[in-house]
Amino acid sequence: MMFLHSPGTGHRHGRDRRAAVVPAPDGRARFTGEAAPTAAVVGGGIAGLAAATLLAERGVRVTLHESEPSLGGRLSGLPTQLADGTTVTMSRGFHAFFRQYYNLRGLLRRVDPGLDSLIRLPDYPLRHSSGLHDSFARVPRTPPLSAMGFVALSPTFGLRDLARMNPRAALPLLDVRVPEVYERLDSISAHDFLARIRFPEAAHHLAFEVFSRSFFADPRELSAAELVLMFHIYFLGSSEGLLFDVPDEPFPTALWDPLHRYLEGHGTDVRTRTPVRQVRPRPDGGLDLTTDDRTTRYDALVLALDSGGLRRVVAASPELGDSDWRAGIDRLRTAPPFLVSRLWLDRPVAYDRPGFLGTSGYGPLDNVSVLDRWEGEAARWARRTRGSVVELHAYAVAPDADRGAVQAEVLRQLHRIYPETLSARIVDERHEWRADCPMFPVGGYRDRPGVRTPDPAVTVAGDMVRTGLPVALMERAATSGFLAANALLERWGVRGQTLWTVPRAGRSAVLRRLAALGDG
C-alpha cells in the first residue's frame, strides 16, 4: 500500500527484499454516508491509534477513548515547566524506531510520508561495567553475515568461548517461526535457554540481557520464546539490522499531535481523559460502553489497552466474551515497575558521548540517552544554557524497592559512566515511575489474547496480543491494531490494509536445514 513504500530523505531505500506480505481482507473500498457502522477504540497508544486510523479511513464512525491526558500510550508526553521558566516535554522515555517496524512506519507515514521527523542514530553501543564494549555500527545487516559479523567484531566472543558453546542447543535460533517458537521454547526462561547454549557470559550481558530487559523483565522471568523471536527479528531473520531512528522532536510534537489532527480530519471523535469502565454486549449485536459520565452504544469495539487495563475492563464486564477467554485475560501479568529519570544539567556531557548507550552491570541503570544529540527541544535548551539533557532508564525494578534510593543509584551510576557529569549542577529533574508493560512469563503464551475474541464485534490489540506474526514491542502494537481493524472490516465486507513483517521463517535455506537437525 502507499503508506508502506520506501523511506524518504535520510533513510536507506526500500524494505528487506525478503520481507513477508500479509494480504489485506478484500471488499469494497470504504463506507459512505450515514449507513457506516460505529466503532469504539479503547486506548490511545500505538495499537489503538493504528486501529482507529484504518477504521476511520474506511469510513467507520470512530470514537477513540483514552484515559490519559494525551495520546501515545507508553510514548506519550506532557508539558512541564522547569525551574528556569522553560516549558519542556516530559515523556515516558527513549524508544528506538527500528527499520523492521514496517507497520508502525506505515502508520506514521499518514502524517509524514517521507518520515522526515525520524533521524538516524549511527550506532547501538553497549557497555558492561567490566569495561567491555560492543557496537553494531560496522556489523553487516544481511543474515547470516550479521550474526557472523557481530561475533567477529565483538570483544566478548573469543575462540575459547565459541568452542564451549552447545551448537545443537542453539539450532532453534536458525529457523524461527511463529507460533512454533512458542510451542518449543515458551516453557523455559531466557536465562535458562542461554545457559543451555552456553552462550559466553560477557556476550550474554552485553547483547541478550539488553534485549530481554527491553521487555522490562528479568531474563529469569522472561519466556525464551520472546528472546529467540527478537534474535530472529534483528539478526538472522531480517536484513534491516540493529540500527534505528528516533523522532527529532518530543513524541507529541513529532508523532501524536499530527496523527490526532489526521484522525479528527477523518471524523474521529478523540476523547482523552475518558476511561471506559464497563462494556456490555447488547441483544442486537452491538455493545454499550460506559464511561464516568455516559453510556453509549457502538456496533463494534477494539480493546487496545495495556494488560492491567484490559484485566480491569473485562473484570468489570461479566457478559463480555466466554469463561475461557475471560480466565486467560485474568491471568495476564504486568511487568515490574520501571523508572525514567530526566536531568537538565548546567554543562554538556563530553562531545563524543553517543546519543544512546545500553548498559549492563551498573546496578539498576539499563541505558543512558543524551537527548540533545537528536531531539530538537532538548538541543535548543542545551544551546541556550550551554548545558545538556540526559535521560536514565531502570527496568524491572523490584516492586518494593525504595524509589528515592533507585533514583539516587542510577544517578551515581551515570557519574561512573560519564564522570564529567559528577561536577554538573542539576538545573531540574523529572522522574517518571510506571508499571504498565506486559509481562511475557515462562509458559504464559497460552493466556495471551488473540486479535479475535468470542464476540465477532470485539477485537483486541496491543503489544501483548498473539498475532501469529514475527513482530514485537512497538511493531507488535501497530500490527495488532491494524489486524484488529482488518477483522472488523472483513466482517463488514470492506477492504483492509496489507501488512508486512520480517520473513516468517529462517532466512537461509542452509540454516533452515541445520535447524531441522535439532528436531531429530
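None of the values given here were measured: they were computed from a predicted structure.
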Take Val460 and Ile329, measure what side-chain contact (heavy atoms from CB on, under 4.5 Å) needs, and give me the verdict at the end.
-> CA-CA 11 Å; Val460 181; Ile329 298 296; 5.8 Å; no
Under the side-chain contact (heavy atoms from CB on, under 4.5 Å) criterion, do Val471 and Val502 qualify, and how do the steps go?
-> CA-CA 8 Å; Val471 289; Val502 301; over 6 Å; no
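- For the pair Ser91 and Val340, the minimum side-chain heavy-atom distance is 4.5 Å or more.
- Of the charged side-chain nitrogens involved, at least one lies within less than 4.0 Å of a carboxylate oxygen, so that Arg412 and Glu409 count as a salt-bridged pair.
- Side chain of Ser480 to main chain of Ala461: no donor-acceptor pair is present (N/O by atom type, distance under 3.5 Å, no hydrogens or angles).
- Side-chain contact between Leu287 and Arg297 is absent, with no heavy-atom pair separated by less than 4.5 Å.
- Within the 4.5 Å cutoff, the side chain of His65 has heavy atoms near those of the Thr291 side chain.
- Checking side-chain atoms of Glu391 against main-chain N and O of Ser369 turns up no donor-acceptor pair under 3.5 Å.
- Of the residues Gln413, Arg127, His128, the one that meets the side chain to side chain donor-acceptor pair (under 3.5 Å) test with Tyr362 is Arg127.
- For the atom pair CZ of Phe440 and CG of Leu222, the computed distance is 8.5 Å after rounding to the nearest 0.5 Å.
- Residues Thr479 and Leu104 form no side-chain contact, since every pair of their non-hydrogen atoms from C-beta on lies 4.5 Å or further apart.
- A distance of 11.0 Å separates CG in Asp447 from OG in Ser307, rounded to the nearest 0.5 Å.
- Checked by atom type and distance alone, the side chain of Asp366 pairs as donor or acceptor with a backbone atom of Tyr395 at under 3.5 Å.
- No option in Val451, Leu54, Asn103 other than Val451 meets the side chain to side chain contact (heavy atoms under 4.5 Å, CB included) test with Leu483.
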Take Phe97 and Phe244 through the ring pair (Phe, Tyr, Trp, His ring centres under 6.0 Å) test and state the conclusion after the steps.
-> CA-CA 5 Å; Phe97 290 68; Phe244 58 87; 9.3 Å; no
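- The shortest side-chain heavy-atom distance between Leu422 and Arg416 does not fall under the 4.5 Å cut-off.
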Could you walk me through whether Trp381 and Asp84 pass the side-chain hydrogen bond (donor to acceptor under 3.5 Å, both in side chains) check?
-> CA-CA 11 Å; Trp381 186 90; Asp84 67 0; 3.0 Å; yes
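- Residues Arg434 and Glu432 are paired through a salt bridge, judged by an N-O separation under 4.0 Å between the basic side chain and the carboxylate.
- Counting only distance, with no hydrogens or angles, the side chain of Ser341 and the backbone of His431 share no donor-acceptor pair below 3.5 Å.
- The distance from atom CG of Leu345 to atom OG of Ser388, rounded to the nearest 0.5 Å, is 4.0 Å.
- Below 30°, between 30° and 60°, or above 60°: for His266 and Tyr262 the angle between ring planes is between 30° and 60°, a tilted geometry.
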Checking salt bridge (charged side-chain N to carboxylate O under 4.0 Å, His left out) for the pair Asp245/Arg99: CA distance, chi angles, key distance, verdict?
-> CA-CA 8 Å; Asp245 305 311; Arg99 309 293 170 79; 2.9 Å; yes
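- Atom CG of Leu320 and atom CG of Leu301 lie 7.5 Å apart (nearest 0.5 Å).
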Salt bridge (charged side-chain N to carboxylate O under 4.0 Å, His left out) between Asp436 and Arg92, intermediate numbers included | CA-CA 11 Å; Asp436 55 6; Arg92 297 281 302 275; 2.9 Å; yes
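- Look at Arg120 and Asp248 and you find no salt bridge, because none of the NZ, NE, NH1 or NH2 atoms lies under 4.0 Å from a carboxylate O.
- Without hydrogens or angle criteria, Asp16 side chain to Ser239 main chain gives a donor-acceptor distance under 3.5 Å.
- Without hydrogens or angle criteria, Glu475 side chain to Tyr102 main chain gives a donor-acceptor distance under 3.5 Å.
- The aromatic rings of Phe94 and Phe356 lie parallel to each other, their planes meeting at an angle below 30°, with 60° marking the opposite boundary.
- The CE atom of Met464 sits 6.5 Å away from the CG atom of Leu332 when rounded to the nearest 0.5 Å.
- Side chain of Arg476 to main chain of Asp463: a donor-acceptor pair is present (N/O by atom type, distance under 3.5 Å, no hydrogens or angles).
- For the pair Arg110 and Phe482, the cation-pi criterion (under 6.0 Å, within 45° of the ring axis) is not fulfilled.
- For the pair Arg466 and Tyr445, the cation sits on the ring face: its NZ or CZ lies under 6.0 Å from the ring centre, inside 45° of the axis.
- In this structure, the side chains of Phe31 and Arg61 stay at 4.5 Å or more apart for every pair of heavy atoms.
- Electrostatic pairing of Arg347 and Glu420 does not count as a salt bridge here, judged by no charged N lying under 4.0 Å from a carboxylate O.
- Interatomic distance, Leu473 CG to Arg74 CZ, rounded to the nearest 0.5 Å: 9.0 Å.
- Residues Thr253 and Glu377 bring no donor and acceptor atom of their side chains to less than 3.5 Å of each other.
- Donor-acceptor pairing under 3.5 Å is recorded for the side chains of Arg384 and Thr86.
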Going through the checks in order, is the side-chain contact (heavy atoms from CB on, under 4.5 Å) test met by Leu255 and Leu108?
-> CA-CA 7 Å; Leu255 310 177; Leu108 301 181; 4.0 Å; yes
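- Under a cut-off of 6.0 angstrom, the local environment of CZ in Arg386 is sparse, with at most 12 non-hydrogen atoms contributed by other residues, nucleotides or ligands.
- Without hydrogens or angle criteria, Ser223 side chain to Ala225 main chain gives a donor-acceptor distance under 3.5 Å.
- Electrostatic pairing of Arg448 and Glu226 counts as a salt bridge here, judged by a charged N lying under 4.0 Å from a carboxylate O.
- For the pair Ser238 (side chain) and Tyr234 (backbone), a donor-acceptor distance under 3.5 Å is absent.
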Would Thr38 and Asp299 count as a side-chain hydrogen bond (donor to acceptor under 3.5 Å, both in side chains) if you check the C-alpha gap in whole Å, the side-chain angles of each, and the deciding distance to 0.1 Å?
-> CA-CA 5 Å; Thr38 58; Asp299 295 309; 3.3 Å; yes
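- Of the charged side-chain nitrogens involved, none lies within less than 4.0 Å of a carboxylate oxygen, so that Asp330 and Arg312 do not count as a salt-bridged pair.
- A 4.5 Å side-chain heavy-atom check between Leu64 and Leu263 finds at least one atom pair inside the cut-off.
- For the pair Ala435 and Pro337, the tightest heavy-atom approach, listed with the atom from each and the gap, is CB-CA, 3.9 Å.
- The closest side-chain heavy-atom distance from Ile417 to Leu365 is below 4.5 Å.
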For Leu78 and Thr89, run side-chain contact (heavy atoms from CB on, under 4.5 Å): C-alpha distance rounded to whole Å, both residues' side-chain angles, the deciding distance at 0.1 Å, then the answer.
-> CA-CA 5 Å; Leu78 290 171; Thr89 306; over 6 Å; no
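- Side-chain contact of Glu249 with Trp374: a donor-acceptor pair under 3.5 Å is absent, judged by distance alone.
- Side chain of Thr274 to main chain of Thr272: a donor-acceptor pair is present (N/O by atom type, distance under 3.5 Å, no hydrogens or angles).
- A salt bridge between Arg294 and Asp292 is absent, with no side-chain N of the basic residue lying under 4.0 Å from a carboxylate O of the acidic one.
- A side-chain N or O of Ser117 and one of Asp112 form a donor-acceptor pair less than 3.5 Å apart.
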